[in-house]
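Chain naming here is simple, since letters A, B, ... match the order of the sequence lines and numbering starts at 1 in each.
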Amino acid sequence: MFCLIDINNFYASCECVFRPDLVRKALIVLSSNDGCVIARSQEAKDLGISMGAPFFEIEHLIKRYKVNVFSSNFTLYGDMSRRFSEVVASFSEDLEIYSIDEIFLKVPSHEENLNGFGNRIRKTVFQYLGLPISIGFAPTKTLAKVANFFAKKDPVYGGVCVLETQKDISHALKILPVEEIWGVGRKLSLKLRGLGINFAKDLSEADPKWIRKIHSVVLEKTLRELQGIPCFSLETAPSSPKSIQVSRSFGRTLSKTEDIQVPLSSFLEQGALKLRKRGLFAFGLYFYLGVKTTKAGRLFFLSKFLVFPEGVQDPRLMVESVFKALPSIFKEGVFYKKAGILLINLKPQEAQLTLFSSQAPFKGSSDEKYKTLFKAVDRLSKKHGKRSLCLASSLSSYWEPKRKNMSPSYTTKWTDLPFVVIR
DNA sequence: TCTGGGGTCCTAGGACCC
DNA sequence: TCTGGGGTCCTAGGACCC
């Protein structure tokens with residue numbers, strides 16, 4: 001059995017821990033620049049304040065109902081999240097930290113009373129951290145998400161919902177709207193509804209092969225998970241990130257080079273810090289600027305990609321390269337709203353000078369020889385980050401073995417390259 | 001006027017190879 | 001003149017998650 005533990009209204013609940021007087025009051029947390037709503041207490045949700053709503057649009061509600069407003073404090077939330085996982089880890093060794101406020105758990109085999117187990121976790125987390133949580137139990141991760149949904153929405157469960165029997169599962173799927181399924185987003189739910197799949201039950205009863213054909217293998221897995229067949233396993237080992245991003249909206253428009261350089265270098269500094277903390281080097285980096293378009297709220301992004309064939313971790317080096325390349329996307333007189341950097345191709349060690357080799361057979365003239373070599377360099381360049389240097393090349397002749405049991409042999413001669421090839 | 005920030009993964013289609 | 005079939009790799013774009 002899987003179990004999904006989720007903190008209710010996480011950011012809002014974190015703020016309440018330090019302001020107990022605000023428990024059971026309407027409270028919201030705003031994004032950076034206090035632009036829009038990113039978390040709401042239950043009472044704020046009940047007032048009709050929606051997720052992601054721009055602050056100016058709900059200002060009248062804030063005033064009328066005296067809603068408590070907080071700017072976000074991600075350092076605090078990150079710290080609470082870490083403590084949350086420490087407490088939960090004392091209940092089971094097999095756990096996956098899925099997000100800042102969610103943890104998947106494999107239920108230890110000796111736990112027979114799931115409701116009791118769930119209530120013990122709830123009590124402990126509240127006692128140690130003051131955070132309210134919801135818990136869902138089920139045979140697959142997707143179904144545990146479903147169980148968690150009901151544990152949170154329906155007060156009859158008291159925060160713990162167990163979906164174990166076929167009857168309970170079937171009943172839950174019958175009333176769960178398709179867009180509430182884990183992995184089914186806005187677009188997909190519209191598509192599914194168009195096909196007459198309105199509830200989770202409909203998806204679970206569809207033909208898996210057909211679902212794969214009309215959408216993807218992932219949705220097929222989701223379908224099987226709804227049937228109780230586990231397709232997504234617990235990812236217990238914390239994985240190394242594949243990209244690191246730092247970005248911000250400015251809150252006002254910027255149009256001078258120097259004004260853009262300040263946030264960019266700060267982002268690179270923060271990105272580099274994250275790299276160092278994890279012992280990673282970036283072999284590529286994007287930086288981008290967002291310009292407001294005529295369409296309300298829409299941004300258009302200009303970006304530039306830089307390659308670091310030997311890997312970077314040093315922020316000064318990154319800043320230098322980015323500033324140098326900035327004019328290629330920056331224009332005087334344009335008003336920028338947002339900027340960011342994205343570090344990719346992250347690897348644990350600084351690259352050594354590596355020699356790559358490639359072999360390609362050919363017969364014939366000297367022209368063909370160079371053609372073959374160019375091709376080999378091209379292939380290597382593509383394979384190893386689009387920039388490589390052809391330092392040397394050799395030609396080998398092949399000799400048939402003269403006797404049985406003898407391996408074929410090669411003689412190698414280094415060629416005189418007329419020039420060095422840089423790609 | 002004012003609209004977040006940080007991730008992952010899949011697919012389609014083209015280029016290329018044998 | 002006839003013109004297969006199977007594979008890999010890469011990229012852009014889209015969708016999803018919190």
| request: Tell me yes or no: between the side chains of A:Ser99 and A:Asp101, is some donor less than 3.5 Å from an acceptor? | output: yes
| field | Gap between atoms CD and P, on A:Glu235 and C:dC18 respectively (whole Å) | value | 15 Å
| query | Could A:Arg82 and A:Glu86 be called an ion pair, given the rule that one side-chain N must be under 4.0 Å from one carboxylate O? | reply | yes
| message | Using whole Å, what does the distance between atom C1' of nucleotide C:dG14 and atom CZ of A:Arg186 come to? | response | 12 Å
| query | Within the structure shown, what part of the strands sits under 4.0 Å from A:Ile7 by heavy-atom distance: base, sugar-phosphate, or nothing? | reply | nothing
| Residues from residues 47-61 of chain A sitting under 4.0 Å of DNA chain B, heavy atoms only? | A:Pro54, A:Phe56
| request: Rounded off to whole Å, could you give me the OH-to-C1' distance for the A:Tyr77 and C:dC18 pair? | output: 15 Å
| message | Going by side-chain contact (heavy atoms from CB on, under 4.5 Å), name the residues that satisfy it together with A:Gln313, two or more places apart in sequence or in a different chain. | response | A:Leu275, A:Arg276, A:Phe281
| field | Any residue meeting side-chain contact (heavy atoms from CB on, under 4.5 Å) with A:Ser266, in chain and number order, not counting sequence neighbours | value | A:Gln270
| Whole Å only: how far is the CZ atom of A:Phe301 from the C1' atom of C:dG13? | 15 Å
| field | Pair A:Glu205 + A:Lys201: basic N to acidic O under 4.0 Å | value | yes
| query | Looking at residues at least two apart in the chain, or sitting in another chain, which of them share a side chain to side chain donor-acceptor pair (under 3.5 Å) with A:Asp202? | reply | none
| request: Not counting sequence neighbours, which residues clear side-chain contact (heavy atoms from CB on, under 4.5 Å) with A:Phe2? List them please. | output: A:Lys141, A:Ala144, A:Leu234
| field | Any A:Lys141 side-chain nitrogen or oxygen under 4.0 Å from OP1 or OP2 of C:dC17 | value | no
| Any cation-pi pair here, A:Lys304 with A:Tyr286, using under 6.0 Å and within 45°? | no
| query | Rounded to the Å, how far apart are A:Asp34 CG and B:dC2 C1'? | reply | 11 Å
| Non-neighbouring partners of A:Glu269 that pass side-chain contact (heavy atoms from CB on, under 4.5 Å), sequence neighbours left out | A:Pro315
| query | Is it true that A:Glu179 and A:Arg193 have a side-chain N and a carboxylate O under 4.0 angstrom from each other? | reply | yes
| query | Just by distance, with hydrogens left out, do A:Thr236 and A:Asp94 show a side-chain donor and acceptor under 3.5 Å apart? | reply | no
| Is a salt bridge present between A:Glu225 and A:Lys221, judged by a nitrogen-to-oxygen distance below 4.0 Å? | no
| request: Quick one: label A:Leu188 by what it contacts on the DNA or RNA (base, sugar-phosphate, nothing), any heavy atom closer than 4.0 Å. | output: sugar-phosphate
| message | Going by the rule side chain to side chain donor-acceptor pair (under 3.5 Å), which residues pair with A:Lys45 if we only count those two or more places apart in sequence or in a different chain? | response | A:Asn9
| task | State whether A:Lys145 and A:Glu102 are salt-bridged, where the test is any N-O pair (Lys NZ or Arg NE/NH1/NH2 against Asp/Glu carboxylate O) under 4.0 Å. | result | yes
| field | Neighbours of DNA chain C within residues 80-105 of chain A, by heavy-atom distance under 4.0 Å | value | A:Tyr98, A:Ser99, A:Asp101, A:Glu102
| Base, backbone or nothing for each nucleotide of nucleotides 5-12 of chain B, written B, S, -, heavy atoms under 4.0 angstrom, 5' to 3'? | SSSSSSS-
| request: Give the rounded distance in Å between these two atoms: CD of A:Glu180 and P of C:dC18. | output: 10 Å
| message | Over 60° means perpendicular and under 30° means parallel, so tell me whether A:Phe104 and A:Trp182 are parallel, tilted or perpendicular. | response | tilted
| query | Given A:Ser32 and A:Arg248, is the side chain to side chain contact (heavy atoms under 4.5 Å, CB included) satisfied, shown in steps? | reply | CA-CA 8 Å; A:Ser32 66; A:Arg248 287 291 177 281; 4.2 Å; yes
| task | Identify, with sequence neighbours excluded, every residue that meets ring pair (Phe, Tyr, Trp, His ring centres under 6.0 Å) alongside A:Tyr336. | result | A:Phe330
| query | Is any side-chain nitrogen or oxygen of A:Lys337 closer than 4.0 Å to OP1 or OP2 of B:dT3? | reply | yes
| field | Atom C1', compared across B:dC17 and C:dG4: separation rounded to whole Å | value | 14 Å
| Watson-Crick or G-U stems involving DNA chain C, each at least 3 pairs long, distances under 3.5 Å, ordered by first number | B:5-18 with C:5-18
| Can you check the A:Phe250 CZ to B:dG4 C1' distance for me, whole Å? | 14 Å
| task | Within residues 203-211 of chain A, find the residues that approach DNA chain B with a heavy atom at under 4.0 Å, and present them sorted by residue number. | result | none
